[in-house]
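A short write-up of the structure that comes next.
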Amino acid sequence: MHAFGALDGALLVDKPSGPTSHDVVDAVRRKFQIKKVGHCGTLDPNATGLLIIVLGRGTKLSERLMSDDKVYDGAIKFGETTDSYDSDGELVATLPVPRLTLDELNEMAGAFVGDQMQLPPMVSAVKKDGVPLYKLARKGIEVERKERLIHIYSFRFTTYIEPVAQFRVACTKGTYVRTLAHDLGQRLGCGAHLTSLRRMAAGRFDVANALPLDQVLALSTSELEDRIIPFLKLTATT
């Protein structure tokens, strides 16, 4: 087996709002002329925060890294339902918001903690017969989706200024936080959608150690090498 190169490993990127996760992969590949580049866990275009980029032989570890638990911070707006369950989508319903306290919100959020079956939103990267659902949704096609088992470790609201509440959630991979926001709105009877989302951590990796994308793209190759978490370090258990 050949020795690992300096670019075989992972890079922690703080993704800005706007580009898709794939756009980030493409930008890194183009800038540094690296053939094999991938990411571990899609972030929606509007979402920000930790995106683990794998390079070279590090791409072999993407499945393992993708399966790690995640922590997100975000905001939910009550009283408005959208077709995508976030602020990217079309508004489909507006209803008055009942009087709520932070404690009442947290009591309701607590009901989501534990194992549950979650239905992925129609506007999502989940594939049906090889086609991402969001591509079908754009054509106005609604298809049957399969519920997936997820686990919510914690779901807590930190502030609430009607109609927007800030929260933090810790969950397993494959959890749609947009769906969590939507489902909570349905239980409250007024509807809700996700207005912002930031991934704070994935497994043992934290956004505090990630470099903003624009700064990554300003690095030289040797500077990039200094930021890479080596392949063998990634395979080591903590």
Side-chain angles (χ1 to χ4, degrees), residues 12-15 17 21 39-44 46-52 63-82 84-88 97-121 124-126 145-210 237-238:
L12 305 184
V13 176
D14 186 345
K15 186 185 103 56
S17 178
S21 299
H39 69 77
C40 304
T42 305
L43 276 175
D44 288 335
N46 270 350
T48 67
L50 182 63
L51 187 65
I52 301 173
E63 282 297 318
R64 185 193 295 196
L65 294 172
M66 223 179 277
S67 65
D68 283 337
D69 297 331
K70 314 285 193 298
V71 177
Y72 297 94
D73 282 355
I76 293 172
K77 184 176 185 183
F78 296 99
E80 292 179 355
T81 304
T82 71
S84 63
Y85 304 170
D86 65 8
S87 49
D88 256 0
V97 181
R99 288 189 71 82
L100 290 165
T101 65
L102 191 60
D103 285 344
E104 285 168 338
L105 268 180
N106 276 322
E107 196 175 320
M108 294 202 73
F112 286 88
V113 173
D115 285 343
Q116 60 178 280
M117 298 304 289
Q118 189 186 63
L119 190 67
S124 69
V126 173
R145 285 100 70 204
K146 281 186 182 158
E147 289 190 326
R148 306 199 294 190
L149 178 66
I150 60 158
H151 185 87
I152 306 292
Y153 298 100
S154 65
F155 183 21
R156 295 283 300 168
F157 286 94
T158 50
T159 60
Y160 179 51
I161 301 167
E162 191 181 311
V164 178
Q166 309 284 333
F167 69 90
R168 172 165 284 201
V169 63
C171 52
T172 49
K173 74 153 191 170
T175 301
Y176 277 92
V177 184
R178 287 185 277 145
T179 298
L180 210 54
H182 175 81
D183 290 351
L184 178 59
Q186 294 302 300
R187 286 193 193 182
L188 278 166
C190 62
H193 69 275
L194 191 69
T195 56
S196 70
L197 189 69
R198 181 165 174 77
R199 187 186 286 157
M200 305 304 292
R204 64 185 191 267
F205 302 108
D206 195 285
V207 74
N209 301 316
T237 52
T238 50

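As the structure is a computational prediction, the values presented were derived from the model and not from experiment.
- Between I52 and L12 there is a side-chain heavy-atom pair separated by less than 4.5 Å.
- Within 6.0 Å of CD in E63 there are 12 or fewer heavy atoms belonging to other residues, nucleotides or ligands.
- Residues passing the ring pair (Phe, Tyr, Trp, His ring centres under 6.0 Å) test with H182 are Y85, sequence neighbours excluded.
- Using a distance-only test at 3.5 Å, with no hydrogens or angles considered, no donor-acceptor pair links the side chain of D44 to the main chain of N46.
- By the 4.5 Å heavy-atom criterion applied to side chains, L51 and R199 are counted as neighbours.
- Under the 4.5 Å side-chain criterion, counting only non-hydrogen atoms from C-beta, L194 is not in contact with T82.
- Atoms CZ and OG, on R168 and S154 in that order, are 8.5 Å from each other to the nearest 0.5 Å.
- For CD1 of I161, the number of neighbouring non-hydrogen atoms (other residues, nucleotides, ligands) closer than 6.0 Å is 12 at most.
- In this structure, CG on D88 lies 10.0 Å from NE2 on H193, to the nearest 0.5 angstrom.
- A donor-acceptor pair under 3.5 Å is absent between the side-chain atoms of S196 and the main chain of G74, judged by distance alone.
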message: Show, in sequence, the C-alpha distance, side-chain angles and deciding distance for D73 and R198, and conclude whether the salt bridge (charged side-chain N to carboxylate O under 4.0 Å, His left out) test is met.
response: CA-CA 5 Å; D73 282 355; R198 181 165 174 77; over 6 Å; no
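- A donor-acceptor pair under 3.5 Å links the side-chain atoms of Q118 to the main chain of Y176, judged by distance alone.
- In this structure, the side chains of T48 and K15 stay at 4.5 Å or more apart for every pair of heavy atoms.
- Distance CD/Q116 to CD/E147: 9.5 Å, rounded to 0.5 Å.
- Counting heavy atoms from C-beta outward, K70 and K173 have side chains that approach closer than 4.5 Å.
- Side chain of S21 to main chain of L43: a donor-acceptor pair is present (N/O by atom type, distance under 3.5 Å, no hydrogens or angles).
- Between L119 and R148 there is no side-chain heavy-atom pair separated by less than 4.5 Å.
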Would you give me the side-chain donor-acceptor pairs under 3.5 Å for residues 104-111, sequence neighbours excluded?
| from | atom 1 | to | atom 2 | distance (Å) |
| --- | --- | --- | --- | --- |
| E104 | OE1 | T101 | N | 2.9 |
| E104 | OE1 | T101 | OG1 | 3.4 |
| N106 | OD1 | F157 | N | 2.6 |
| N106 | ND2 | F157 | O | 3.2 |

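- Side-chain atoms of F78 and V164, non-hydrogen and from C-beta on, never get closer than 4.5 Å to each other.
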- prompt: Can you list the steps and then say if Y153 with T172 is a side-chain contact (heavy atoms from CB on, under 4.5 Å)?
  reply: CA-CA 8 Å; Y153 298 100; T172 49; 3.6 Å; yes
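- For the atom pair D86 CG and L197 CG, the distance stands at 9.0 Å (nearest 0.5 Å).
- Interatomic distance, CD1 of I152 versus OG1 of T175, reported as 4.5 Å (0.5 Å rounding).
- Contact check for M200 versus Y72: no side-chain heavy atoms found under the 4.5 Å cut-off.
- Side-chain atoms of D115 and H151 form a donor-acceptor pair, as typed in the model, at a separation below 3.5 Å.
- Judged by distance alone, with hydrogens and angles left aside, the side-chain atoms of R156 form no donor-acceptor pair with the main-chain N or O of V169 at under 3.5 Å.
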